[in-house]
Structures are given as C-alpha cells and as structure tokens.
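To start, the structure under review is shown below, and the notes come after it.
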Amino acid sequence: MTSERYNVREAEPRWQKVWDARGIFTTRNDDPRPKYYVLEMFPYPSGRIHMGHVRNYTMGDVVARYMRAKGFNVLHPMGWDAFGMPAENAAMANKVHPKTWTYDNIAAMKTQLKSMGLSLDWSRELATCDPAYYRHQQKMFLDFWKAGLVERKSSKVNWDPVDQTVLANEQVIDGRGWRSGAEVEQRELTQWFFKITAFSEDLLNAIDTLDNWPDKVRLMQRNWIGRSEGLSIRFALAPGSAPAGFDEIEVFTTRHDTLFGASFIAIAPDHPLARALSMRDPKLSTFIEECRHHGTAQEVLEKAEKKGFDTELRAIHPFDPNWQLPVYVANFILMDYGSGAVFGCPAHDQRDLDFVRKYGLPVLPVVVPEGADPNTFKIGDEAFVEDGKLANSRFLDGMSVAAAKQEVARRLERERRGNRPVAERRVQFRLRDWGISRQRYWGCPIPVIHCESCGAVPVPEQDLPVVLPEDVEFDRPGNPLDRHPTWKNVPCPKCGKPARRETDTMDTFVDSSWYFLRFTAPAAKTPTEAKAERYWMPVDQYIGGVEHAILHLLYSRFFTRAMKATGHAHLDEPFGGLFTQGMVVHETYRKPDGAYVEPAGVKVEAMGERRRATLVATGEAVEIGAIEKMSKSRRNTVDPDDILSTFGADTARWFMLSDSPPDRDVIWTEEGVQGAYRFVQRLWRLAHELAELAAPVGAPRPKEFGAAANAVRKAAHTALARVGEDIGRLRFNRCVAHVYEAANALSASLADARSAKKVPSDLAFAFREAGEILIQLVAPMMPHLAEECWAALGKKTLVAEATWPALEPGLLVEDTITLPVQINGKKRADVTVARDAADKDVEAAVLALEPVQRALEGRAPKRIIVVPQRIVNVVA
RNA sequence: GCCGACGUGGCGGAACGGUAGACGCAAGGGACUUAAAAUCCCUUGGGGGAAACCCCGUGCAGGUUCAAUUCCUGCCGUCGGCACCA
C-alpha cells in the first residue's frame, strides 16, 4: 500500500513531452492502414479557451485515441477560425491591430490546448487569416464564378445612419445601433452571393444519406431548405387604378384549395408594385419608410406587429371576374420568398386571420372538419389549418384538400391570359442564396476589381493572393479598406484604366466551409491535393455545438459540392458522421445589490440538505441563482487554466465526460471536479496495489481459472465490451460509469486477496489482465494518468501506442439467467432458469412461484407473456 | 412569430416498449486519527408496516399496450437556431 499521491503537475507535462518526442500523433498520408478522420469544430481565437472548448476537444480526443488503438490511421488536426468581428472591435477599443491581436490569441490558446494533452497533429495547423490559406479561397471564389455559382445582386443590410456603417444583427439592439444608439434602417447594397439555391434539391435529398447525423439536425436542415410544392397564380388588377406597367400580381401559394376563401392580396413593402405606388402616394411612402426602420433580422420582423396599408388597388379573383380583392402592402410579407406577394385566406391561416381581424375583412371558412356542417361552422380566434372537406367553394365543394388543390391547378393551368397560363405549378424553396459580402476589414478579400468600362473583373490568378493591407486605422467606424488610398485604387487588369478593388471581404462562414478539406494536405499549392483528399474525405466524425446545426453545416455541404463542380473535391458530403454536443453551464451568484460574482470568488458550503454561498474575500452572503450558459455578462465562467493547473487535464477531461450525456448541457460543479480528481488518485493507487499482487508482465496464461479469478476477468471483460460499444456511439458518460464499476469490482477483489494473504497464480494473472484492460479503457479519456499507471504495472511501452485489448465474449455468457416476473405489469418476483430454457419451462417455473400462486388464488392465469431473456408478465 | 430539442431522487444522470433510479455527487452514520484532511465500510425517492410486504412516484392532462420514462394527442416550462456573433 502506498501513501504517496499522484503528482499531476509533474506527470502531465512529462508525458506530453514523451508523446511529442516520439511524434506519435503526427499523421502520414501514405500510411497503409484504414483511415479515420475525426474533427472538432475549430475555435475562434478569442484569447482564452473556455469550458465549451474543453468539452468539445476532449470528446474528439477520446474518439481519436480509441480509433488509433483500434488500428486506424487517425487524422486529428487543429486550426483557427481566425477572421471575424471581435478582432476589429478589439482594434477599436484597444488600438491593437487585428492581426497582432489574433496571432497573440492563437499563441495563448495553443498553449492552453497543449496542456490538455490532446492527441492532435499540430504539423497541420492552419489559420484562416493566413494568406497561405485564404489565397486558395480566393482562387475558389474565381473558379465558382466561372462555374456560374457566384452572382451579384442587391440585398438589404442594417445601416447605422449616424456611424455611417453596416451593422451585424448582433450589433442591433432593440432596433438601434449598439454604439451610436441611432435607429437602424434597412439599406440596399449590391453584394456578392454564392448560388447555394442551385443545389437546393440535392442538399435536401442528400440529407437522407446522412445516416450518422442526429435526426434533429437533419430535420432542422430539411426545414431550413423548406421545399414546398405549390401554385404560382397571376391575379389580374382591376383596370384603371394600377400604375403603368403593372396589370397583375403574381402570388405563390401552397393552399390554392382555399382560393374561394381569399379576402385580400398582400405584397411586400419592397415589392416593385409597392414602390411604384409609393411614388404617387405619400401615405404609402411613409408606411414603407416605417417598415424599413427595422433591422433585417427575421426574428424581429416576424415578432413585429402585423401591419398593412390598403393601396386601394383591387385584384380580380381568377375564378370570378366580378369578385375583387383589396391589395395591401404588409410588413410581414417577405420579398425574398416566393414572388413577394400572397393571397390571404384568413379562415385557414393564423397570420392572415390576425390581419383581417385588424382590418375588418371577411372570414369565410372553405375547409370544414369531416362531419361538420358548413353552414354553422365558424372561425373564432383560431384558424382551421387541418385537413377536411371543401365548402363554400362552388365546384370544389365536398372535395378533400388534396383533390381541391389538383382541381384548382388543373383549371388555372389551362386558362391563359396574355399568352401565358394563369397559374403554374411550382416548387419553391425557403433557402436563399448565400450573401457573402461583408463591409469589414478583417476577412478574406474578394478578388475582384471594378472597372467603369469592364465591370467586375476577376483578379488574374498570378496576382493572387489579394493580401489585406496592414497599414490601416480603426479610429472611426466603417471599413478601412474602403478609405485605403493605395490598396483600393488599382488599374483594371483588362483595360489598364484606373479602377478600384472590391473592398468587401468574405463572410467568415466561407473560411470555415472548407478548412476540413485543407487539413488533408495543408501545404498543397492548390486548395486541395487530389490523392490526399480522396484518402481522407469524408470526415468520419465531426463534433461541435448544436448552434452550428444549420448554417455552418449547410454552407459546408454547399461548398464541398461547389468544390467538386470545380475539380477541388471528389465528393458531395463532407461529414459522414456528425455529433452535436451540449453547452457547459454553471450556477450564477449574485450579491444582494444584484451584481453577479464569479464562481472563483465564491465559497459554497453544504448545510445539511441546503447549500449556502459566501464571498471568499468578505464572508458576505451571496445568493445562488439559476444555472445558465457560461457567459461573461453573468460572470459564471470557470477558467480552464485554473482547473488545469489545480487538478490537471485528466481531471478536467474526466469530469467533462462523466456527468452528462454529451449531447446535453453539462453543469460544471466544484463538487463534480473534486469527485473526478478523487478518482484520478484512486485509480493511481489501484494500479500500484495491483502491481504488487499481479503476475509479472508476460506471465504465462494458466490453463484454468478459479472462481475468484473468473470474477475478476469477467468484470474486466464486461467493462471492455461496454466501453467499446459506448465509445463508438460517443456515449462517454456511460463509459465513465462502466469504468467505475470495473474499478469497484477490482478494488473489492484486491481487498479479498489481500486478506487471504495468498494470491494463487490464476488470480495473479487475472489481476494483471484486468489491470491492463482497465488502464486501457481509461487511456482515451485520461491519457496522462493511464501512461503513469501503465508504467506502474511494469509496462515499458506507451499505452497511447497500445492496441485495444481483445474481448473474450465467452466470459460474458451465463449458464443461468434471472428473469423479473411481473404480475399485471408490476414486478413481484424473480425466477432463475437455464439460459436456453424453453418458454414452456419458464412458464411452469413462474407459475410455481409463491407470489404468483397467491395472486392467482387457484384460478388459471388469463395470459402469460414470456419475453425471452428479458421478462415474464403474468396477467391474472 | 417560425423551426428544433429537452423536462426522471437533494443534484448530474441510467433504463433495445419489459425490474424506474445503474454510476457519480451531495447528505447522514460508523472505522482509522490526539485532531483534521485523505482513505475505507454502511444508509439514502416518498409514504405505511415489527416484518413479510404493500401503496404512490419519470413536468401536467388524456390515449394505445399484457406492460409506457420510452409510442400518440393536447398543454406548461426551459434551452438552441432564425441567414452580418462565431
């Protein structure tokens, strides 16, 4: 028995050095073994890692180390999502250059990540702000352009009229600019777009092939793409009142069955007709102006009060020339979707219903529930959106919704006006093209030169990369590129006349849409290197936060397709397996005056069942508040550095894996960390105790095992089987539980052996075998401790390089099994039978049981359900 | 507002439709110690009972089933995303 303790601070750097020196995590592209590519979403270099990173990278590292032990050539790289707004904000606030700030942060975070003992191939490190990276992005932009996947068009941005600058959605707070406080306006800018909608159908269909993605993410992506089949209908405008050039409004609808319930037509505030009308109607012009005084965020627009403006134009119902519908301009109609115009059927659409209640328009139900009387069926506060039978709809009466849609489409398709059908069936997607222009400095320059005679001209390939100029000032708002004298003004590559560079940079989502491809050959002179790309792609396991479930993943799926179309990749889907982890959350603490206090400054004590918190510095009582996502504003962050230096990487890693299912939030608690640390020490002691009683390394296997030895082996192999299964599914919290169970069993056996004073050779062998298995099970999760214990067991090799132990399945099979016996669905007894007992024999054994006899009171049972190997239920 | 998830002891959680609460934490009791820490052992969903054992319990209200934490419907609460935060 040893009274020493495991010195984490000494041991962890020591093992990290050993791994480094042997270069065991550097991955070769020409390794003959099967490949496995595991990747965690790369971090934004904010300056310090946070607990979310610790969790994310621990999970990936467990997978990487496990797959390495299973004999795969594992790629596990790391890089930096290094462009973005915070660097510019820091530049404005602290007068530090974005580049300096970013690279300092990278250096600091790299040190932190290294202290976590992650099995990363640092030789492949990349930063997206490095011209060596973004030059390839510029090249691909040009290739995409040639391939017809890039487009320039107008779109809306948040404009701060005081700062004269474009704002991100997060910089708009309650409709006002975050710095100036000025009311934000929408402004139209001509911007660059990637034509992601060219792949709408394919991006949607291919979701079905992503078997190793969470269902919820697949569903979210499907909904985001939002395919709907509907009808595009041309409503003629009543003659006389409409501005010149406008004689009809085209609407898109998926509810053409409700056409006879239509009460109005609504068009978007930026619909061409609305604009034309506003020229002659100052009131409408004011209304449209009001609509522009929102940010561009969808959430804000849809939460805003529904408002409309009656244009006094009238549209003619396609089935009845005498039926006229009012035309409104409405703030909830989006120009981006469909044709920017809808017909409103209030009885069967909640938003339309709310709208007509406000403006006093009629509500006529045209679909009624099966069996309801159309004459008495009334719409109250809620629209009827379910299936039913058509009513009040002339030739559609009595039809189902589906049949009515068919009939309406059939009739209107045949009808022609002005040499075109009045309606056409259309497939509509909610997905919009990807606007990539950002009016900011710290991003990848868009390699285009604007010339008055030649238009937008691609920068010639030999002039790539277009490098960001470093002599920029952030003393005022706006994009410094736009006011840079020499960088901006260049001759046109085509005609040589004075021209100017595109000063917009790319959305940072572009940077992160192909870094996983670049990792396969990070030094290649082209964006990718075909052989390496074919070998490594797709990423077998991608791990990151759910908050990226839609945008980042969808953009990456698009980008990979676009790279395939331009010869830079060979496949469509970049991520074979996806796992979305939950957040790290923590209790909040507040002083009586309401101010938040950091956990590091708070002492929490248990008072029996209750807990109370006090300030360490003053002893002042602090209120324990809600558990929330770690954030600076709530001051409930825990600095990974503090944890790593106090308890070590293994403790932090173990705790991150142990407490919650990885796809759910984990609550960081001081007690939990203490518990993890205790287990680190316990396992270290266990290894040393085992070493005293276990057979030496390489001892011959006994021919037979006694009961005690068998029990030890069984515990170890059971854990081995379960951990293997659960790591494969990333159920790390269960792996942890299995390790605890194995350790508990082994501790108990050791105690027995010690009190018996003599350890027979079969048991000594079992101790060695079980000890090695246990350490190997722990190794992916707590790699430093595992090396230390491995050495304590007398091994001269590294556990990081050891092959995963072989399972003996025979040890897991029992001769007899004990089945729970239920009476009327409630467990009342157990029955032990032979493993392969026939159902009949099981029934007989169950009927003989005393509690069953008692319950039956001499009657025959109504039914007996025997679920083989699981349970027996007697229905009395 | 729309889309998606989640809700189980004092706490984190476990449970192919089949024994609800594995495992950990906390708490209580005990051993060791001059004492504390560390360690080890025992108890621990609620209620009833001397005990055998019984009753109640997985956010709420229903439903399907021999059997529901699990499937279905509705509601309540919390969280994530909503296209310029990353």
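Lettering follows sequence order; numbering is per chain, from 1.
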Is the A/Phe509 to A/Trp434 ring centre distance short of 6.0 Å? no
Nucleotide B/C6, atom P - distance to CD of A/Gln581 in whole Å: 17 Å
Please work out if A/Ser512 contacts a base, only the sugar-phosphate, or nothing of the nucleic acid, heavy-atom cut-off 4.0 Å. nothing
Please state whether the base of B/C2 and the side chain of A/Glu299 form at least one donor-acceptor pair under 3.5 Å? no
Have a look at A/Lys216 and say if it touches a base, only the backbone sugar-phosphate, or nothing, with a 4.0 Å heavy-atom cut-off. sugar-phosphate
Report which part of the nucleic acid A/Gln439 touches: base, sugar-phosphate, or nothing (heavy-atom distance under 4.0 Å, all strands). base
Under 4.0 Å, heavy atom to any atom of RNA chain B: which of residues 185-193 of chain A qualify? A/Gln191
Do you know the tightest heavy-atom contact between A/Arg432 and A/Ile196? O-CG2, 3.2 Å
Can you measure A/Trp668 atom CH2 to B/G12 atom C1' for me and round it to whole angstrom units? 14 Å
Closest approach of A/Tyr441 to A/Glu88 (non-hydrogen atoms, all atoms of both residues): N-OE2, 3.0 Å
So that I can tick it off, tell me whether A/Asp507 and A/Arg438 are bridged by a salt bridge, with the cut-off set at under 4.0 angstrom between side-chain N and carboxylate O. yes
Without decimals, in angstroms, what is the distance between A/Leu301 CG and B/A83 C1'? 12 Å
A/Asp160/A/Arg176 salt bridge by N-O under 4.0 Å criterion: no
Atom pair distance, as rounded to whole Å: CD in A/Glu547 and P in B/C82: 10 Å
Roughly how many Å is it from CG in A/Leu219 to C1' in B/C3, rounded to a whole number? 8 Å
Name the nucleic acid region contacted by A/His552, choosing base, sugar-phosphate or nothing; use a 4.0 angstrom heavy-atom cut-off, strictly under. nothing
Which part of the nucleic acid, if any, lies within contact of A/Ala297, taking any heavy atom under 4.0 Å across all strands shown: a base, the sugar-phosphate backbone alone, or nothing? sugar-phosphate
Side chain A/Asn169 and base B/C84 donor-acceptor under 3.5 Å: no
Measure the distance from CG on A/Asn331 to P on B/G1 and round it to the nearest whole Å. 15 Å
Contact class for A/Ser660 vs. all strands (heavy atom < 4.0 Å): base, sugar-phosphate, or nothing? sugar-phosphate
Output the single nucleotide from B/C6, B/A83, B/A86 whose closest atom is nearest the side chain of A/Leu431. B/A83
From C-beta outward on A/Arg863, which listed nucleotide comes closest to its side chain: B/A83, B/A26, B/C66? B/C66
Describe the nucleic acid contact of A/Pro661 in one word from base, sugar-phosphate, nothing, applying a heavy-atom distance below 4.0 Å. sugar-phosphate
Please work out which of the three classes, parallel, tilted or perpendicular, describes the rings of A/Phe199 and A/Phe558, given edges at 30° and 60°. perpendicular
Syn/anti state for B/G9 [syn: chi within 90° of 0]: syn
Those residues at least two apart in sequence (or on a different chain) that pass salt bridge (Lys or Arg N to Asp or Glu O under 4.0 Å) with A/Glu547 are none
What does A/Asn744 touch in the nucleic acid at a heavy-atom separation under 4.0 angstrom: a base, only the sugar-phosphate, or nothing? sugar-phosphate
Let me know the distance between NZ of A/Lys827 and P of B/A68, rounded to the nearest Å. 17 Å
Between B/C82, B/G18, B/C85, which one does the side chain of A/Ile865 approach most closely? B/G18
Between the CE atom in A/Met51 and the CH2 atom in A/Trp668, the distance rounded to the nearest 0.5 Å is 4.0 Å
Side chain of A/Gln822 (C-beta onward), nearest among B/C82, B/A20, B/A86: B/A20
Can you check the A/Lys826 NZ to B/U65 P distance for me, whole Å? 19 Å
